[in-house]
Amino acid sequence: MKPPKFEYHAPTTLDEAIAALGRYGGDAKVLAGGQSLMPLLNFRLARPAALVDLNRIASLAYIREQDGQVRFGAMTRQRTIEFSPVVAQRLPLLKEATRWVGHLPIRTRGTIGGSIAHADPSAEYPAVLAALEGEVVARGATGDRVIRAADLFQTYLTTNLAPDEILTEVRLPAMPAGAGYALEEFARRHGDFAIVGIAAVVVREGQRCTMARLATAGAGPVPVRLRAAEEILEREGLGDAAIAAAARRATELVDPDADIHASADYRRHLAGVLTKRALTRAIGVARG
Amino acid sequence: MSETRWIGKSVKRVEDARLLTGRGTYIDDHPPVANACHAAIVRSPLPHAVIRGYDLSAALALDGVVGAITGEDVARHTKPFSVGVTAPIHYYCAATDRVRFVGEPVVVVVAKNRYVAEDAAELVQVDYDPLPVVLDPERALDSTAPVLHQAVGSNLAGHRRLVYGEPERAFREADVVLSERFSFPKYGSTPIETYGVIARWDPLDGVCTVWSNFMGPFIMHPLTARVLGLAENKLRFIVPTDIGGSFGIKSSIYPYIALMALAAMRLGVPVKWIEDRREHLLASSSGTDRVAYREVAACRDGTILGMRFKWLDNVGGYIRSPEPGCSFRPTGNFVGPYRFQHLEVDASVVMTNKSLTGPNRGYACGHLYFETEGMMDRLADRLGLDPVEVRRKNLVQPDQFPYRTPTGGLYDSGDYPAVFDKALELARYDELRREQAKARAGGRYFGIGLALAVDPSVSNMGYVATALDPQFRAKPEYLPKSGAVDAATIKIDPLGRVIAILGTTPQGQGHQTVVSQIVADELGLAPQDVTVVDEMDTFTRVWSISSGTYSSRFGSVGTSAVALAARKLKAKLVDYGAHLMELPVASLEFRDGAVRPRSGKGPSYSIKDLAGRAHWNTESLPEGMEPALQATAVFGFTVAKAVDAEDRVNSSNTYGFIAEVMAVEVDPETAAIKILRYVTVHDAGTIINPMIAEGQIYGGALHGLGGALYEELAYDEHGQFLTGTFMDYLVPTASEAPPIDIAHIVSPSPLTPLGSKGLGESSSMTVPAVIANAVSDALAPLGIWINELPMTPSKLWTAMDRARRAGAPTVRTGVSEPLASFSGHPRPKPASRTPLP
Amino acid sequence: MVTVRLNVNGVAHEGRCEPRKLLVDFIREDLGLTGTHVGCEHGICGACTIMFNGEAARSCIMLAVQADGAELATVEGLMRDGKLHPLQEAFREHHGLQCGFCTPGMLMTALDFLRTNPAPSDREIREGISAVLCRCTGYQGIVNAVRAAAPILASGR
């Protein structure tokens with residue numbers, strides 16, 4: 001299990017990286033934290049002509065607040081996010097989700113940009129991006145473009161990033177103060193990708209729900225926003241009956257596949273169970 | 001018997017300092033030979049195909065490639081391995097004319113490093129003609145199934161019907177007869193260190209030296225020599241001091257030893273191969289997947305009269321020795337801890353297009369007890385008895401030891417009721433039942449499982465012949481087999497310190513520590529005065545066919561050899577002391593590290609005194625005494641006898657006992673299983689180092705839990721392998737490991753000098769049973785019996801969902817029947833059970 | 001071929017290798033530090049875990065060239081003044097190892113875990129060391145060792 005041969009570039013600026021990527025016309029791969037790409041190389045399931053390693057581009061690692069958003073440089077490590085006070089304050093859902101990402105030595109290397117660009121539908125960060133209606137910035141030879149979460153994920157491990165584009169920034173709107181949140185995940189072992197995960201955010205005014213967000217991990221080829229289930233809560237409030245109705249609706253909104261870990265029916269069922277649990281916990285911590 | 005200042009103590013391990021500091025010597029660490037080239041193996045991508053030809057040109061043209069060998073070389077220059085059955089199955093160290101499972105070795109490429117070897121392996125072209133595939137052992141016996149080995153004519157590698165006592169009568173006379181179908185998954189050992197082999201051929205002296213992390217049994221050494229066409233004293237096996245875990249699987253490395261030896265011989269360079277994880281999961285070894293049909297015949301009071309086992313053991317594409325141990329390894333303890341005398345075993349060993357099988361921690365006992373203990377609970381349920389009661393009624397009693405089982409086992413010692421009681425007491429069984437009643441009233445799925453097991457250690461290699469017909473064994477040319485032997489050498493240096501030399505192959509069991517404790521006690525020294533050398537080398541160590549560190553044998557056979565070697569030396573020291581003191585031997589004894597008058601009066605000679613004199617002044621030795629102070633002892637169990645004409649065999653030499661209680665709760669929504677309490681009580685005779693013993697229990701239990709809940713080597717319906725990564729083959733992590741309450745009862749073995757038995761496999765053989773029973777009990781309100789592993793949440797939820805949709809259960813059904821269809825077969829539940837005759 | 005200059009356990013090293021060479025192979029083969037082990041080569045088992053610029057990382061899913069200019073620590077560098085590190089001592093005391101193959105990765109992971117969580121609960125210890133697979137111990141001895149080492153390490157800084 002040794003990687004095949006490839007050319008290797010470790011630019012120190014983004015422009016150099018984009019130029020390097022451009023030279024290979026789609027045959028190069030961007031190496032971020034490497035926690036997914038390197039195993040694929042070792043299994044020889046990926047065989048790019050070249051790797052463009054972003055790890056030496058210092059300007060791609062940052063967390064800053066701007067325009068009501070928290071903006072992450074693509075190379076911000078998951079572990080940095082886990083311990084970031086800004087994230088704890090503005091994006092507690094992301095902090096909670098980070099603890100579900102792999103294991104400690106994975107998170108020291110793994111990056112937010114890499115996790116999202118890899119687009120594993122079982123992963124936590126894509127679900128959070130979907131739930132929070134975040135966006136990413138992609139830079140190519142012709143400049144930057146901003147891609148909304150809903151447009152980014154195409155199918156399994158596939159985004160609409162062009163081969164010569166690099167995801168440079170992830171933007172997540174700061175969660176409203178007092179918003180309730182939870183990420184409920186069911187996996188066979190600690191640290192595994194989710195069989196199903198549900199990210200939930202609720203903003204309440206008494207028993208009224210002014211905003212509900214629900215997004216899935218592991219319940220289809222891309223993270224799914226459960227808009228119709230959210231609407232039930234926004235319409236009917238946060239009582240048990242509404243939660244139950246939203247959970248039921250969630251099972252109808254997902255179209256999961258079967259694999260060796262779980263049947264499609266079980267995943268669909270879990271989407272409902274975890275929606276209920278995530279909402280119950282989110283409502284429990286919501287203020288307002 | 002000397003005083004035991006060290007035996008029984010949790011002495012810290014001498015192995016740890018080097019292993020904690022990165023100075024272990026594992027196979028991949030220190031190249032024992034200069035300029036070794038690296039091998040990569042081209043493996044079959046197809047589960048079943050004819051090999052039409054090879055094209056190596058691109059691979060051989062690659063810079064850095066030394067050469068390659070193919071199945072043609074294998075067919076021309078090696079012989080097939082001997083197999084444990086009489087069917088004409090030609091099992092070579094790589095595929096020759098046909099591939100029979102995904103991952104089967106086809107070509108070996110050797111290059112200057114592993115990177116280039118893998119590059120070259122990708123360039124090898126093999127032309128295949130695909131053949132139809134069969135994976136399920138029952139399907140494989142259909143007349144329409146594709147046949148893997150034309151010469152055999154079917155996929156049945158072997159079949160035995162073993163009859164002990166009068167099972168027909170037992171079933172005729174029974175008040176109640178129950179039957180059930182079980183299926184047990186294919187799972188492996190997955191030590192964190194994979195296989196590794198380094199082979200060097202010296203054409204001038206005709207010696208092939210192979211370093212590997214082979215764990216024994218060394219019966220595989222003569223088998224491999226024969227395959228390579230070498231005299232046994234021209235094939236040298238060396239095993240490094242440190243092996244990174246095995247749990248049975250590294251017994252099955254020997255075909256790779258032959259393959260790499262052949263590569264070294266053909267290509268004229270030393271060849272090193274370190275298996276990667278994908279190869280390990282794909283094609284190293286595993287336990288069998290088994291379909292079992294069980295029947296039990298019992299009286300209405302719960303007394304078991306007899307049982308019937310019908311097994312289909314899936315050994316994969318070939319049968320590799322020591323298979324069919326999957327069926328016969330536990331022959332002597334087929335009846336477990338129960339007294340019934342009538343048993344019929346119908347064992348079919350079946351070949352399919354899956355990877356090959358072999359020993360995996362608890363060799364075949366996980367299967368055995370999953371079925372037997374499952375039947376005990378079904379019997380209790382049927383009779384309206386507590387599962388404790390139905391077990392107690394049938395246990396072998398303390399006054400029956402040594403107990404001869406109907407299948408030939410000789411249980412050496414034990415007090416099964418005491419161990420069972422201890423487990424129930426520790427688990428607070430009655431309290432658990434009360435909690436359960438409360439939980440059930442609240443709609444929760446709370447269950448309590450029990451499992452009892454006779455823990456067989458130190459296999460008598462004679463068991464393998466149970467696979468052969470008695471008529472075959474009766475032929476004059478047949479050589480009977482038996483034995484369980486290990487050796488140790490102890491040397492005392494001129495300052496009275498000791499070097500002990502073993503030929504064992506420990507994989508983490510702490511042999512150096514344990515031996516230092518034993519020798520320290522025997523010779524009145526401190527453990528740090530004893531240096532233990534443990535690096536197996538077939539050219540320099542004393543060994544025999546059954547040597548090796550497998551089948552939990554060190555705890556009784558290896559330790560016995562050490563104790564006996566020390567005692568030989570002590571006797572010599574007493575003789576020498578008597579000569580120096582001019583006193584009769586009978587008036588002296590060896591005590592507290594010195595030869596002393598038994599009277600306690602008069603001078604004594606310390607071991608240091610005696611050693612100095614004996615080494616520096618041989619004139620001081622009595623006439624006829626051999627100079628130097630060293631002794632080798634070879635310990636062999638005399639109870640290890642060949643299988644008899646009635647298929648009875650004492651398949652192990654020491655037999656411990658395990659009693660377990662587990663409480664679980666099943667999440668009604670997700671079907672996740674939570675372990676609330678887990679108690680395991682062991683009787684492994686004298687325990688030399690409790691810390692090490694408990695470490696074995698913890699590890700064994702988690703391995704069993706892996707098989708019960710997480711681990712399965714899975715294939716799709718086309719025979720493609722689905723679990724080639726650690727993302728898909730789920731080894732439990734610390735988060736999945738339950739806390740365990742462990743206790744011991746000690747019934748010393750009368751057969752070993754120290755009274756010890758093995759316990760390395762321990763709870764790996766009971767956990768599948770105890771957790772399946774606990775989950776069955778939890779799901780009793782839904783009418784579900786667990787009869788298939790692993791219990792994945794998805795599978796379990798499907799069964800629960802179906803049961804809930806069907807409404808209140810009128811019958812309790814299995815999770816599956818037939819395989820994976822989850823339909824279940826009717827079983828009367830207590831409330832509506834059919835009247836007893 | 002690329003040149004890799006790095007510092008391992010306080011010692012400067014330089015080597016040349018192909019860009020595709022895995023960091024763990026470089027550490028073992030080029031630097032001769034065989035204490036770091038290879039268990040799965042896909043970043044799951046954790047046997048190859050080292051400290052990379054002060055943080056635990058899997059060296060089987062990093063390239064050697066990525067370590068150019070980095071500070072690494074491996075199991076060989078844990079001893080101080082000829083004595084076992086307190087965490088190593090705790091593993092010995094609590095039977096936190098059997099075959100020893102996962103141990104180097106387990107030690108490095110536990111060290112980084114305790115750095116950010118100096119007083120963990122058992123549950124947290126189990127989650128923390130879930131990053132490394134062990135087949136021998138059932139993890140109990142390791143949990144005990146990490147729990148015992150935590151206050152010693154915490155008081156030492």
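Here is the naming used below: chain letters follow the sequence lines, and residue numbers restart at 1 for every chain.
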Keeping [X] on the side-chain end and [Y] on the backbone end, is there a donor-acceptor pair under 3.5 Å?
X        : Y        : answer
C:Tyr139 : B:Pro732 : yes
B:Glu193 : C:Phe101 : no
C:Arg126 : B:Ala737 : yes
B:Arg13  : C:Gln98  : yes

- Check whether C:Glu29 gets within reach of chain B through its side chain, its backbone, both or neither, counting any heavy atom under 4.5 Å.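 Contact with chain B involves no heavy atom of C:Glu29 at all.
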- Derivation and outcome, salt bridge (Lys or Arg N to Asp or Glu O under 4.0 Å), residues C:Asp25 and B:Arg114: CA-CA 10 Å; C:Asp25 289 339; B:Arg114 176 68 180 236; over 6 Å; no
- Task: Go through the atoms of B:Ile243 and report whether side chain, backbone, both or neither lie under 4.5 Å from a heavy atom of chain C.
- Result: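 The backbone, not the side chain.
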- Item | Residue part contacting chain C, namely of B:Ile274, when any heavy atom lies under 4.5 Å |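 Contact with chain C involves no heavy atom of B:Ile274 at all.
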- Task: Test side chain to side chain contact (heavy atoms under 4.5 Å, CB included) on C:Leu22 and B:Tyr115 and set out the steps.
- Result: CA-CA 10 Å; C:Leu22 300 176; B:Tyr115 289 75; 3.5 Å; yes
- Task: May I ask you to check whether C:Arg135 and B:Thr190 show a side-chain donor-acceptor distance below 3.5 Å?
- Result: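 Indeed, the side chains of C:Arg135 and B:Thr190 share at least one donor-acceptor pair under 3.5 Å.
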- Query: Can C:Leu78 and B:Thr21 be said to form a side chain to side chain contact (heavy atoms under 4.5 Å, CB included), step by step?
  - Reply: CA-CA 7 Å; C:Leu78 283 181; B:Thr21 54; over 6 Å; no
- So do B:Tyr698 and C:Cys136 actually touch side chain to side chain, heavy atoms under 4.5 Å?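 No, their side chains stay 4.5 Å or more apart.
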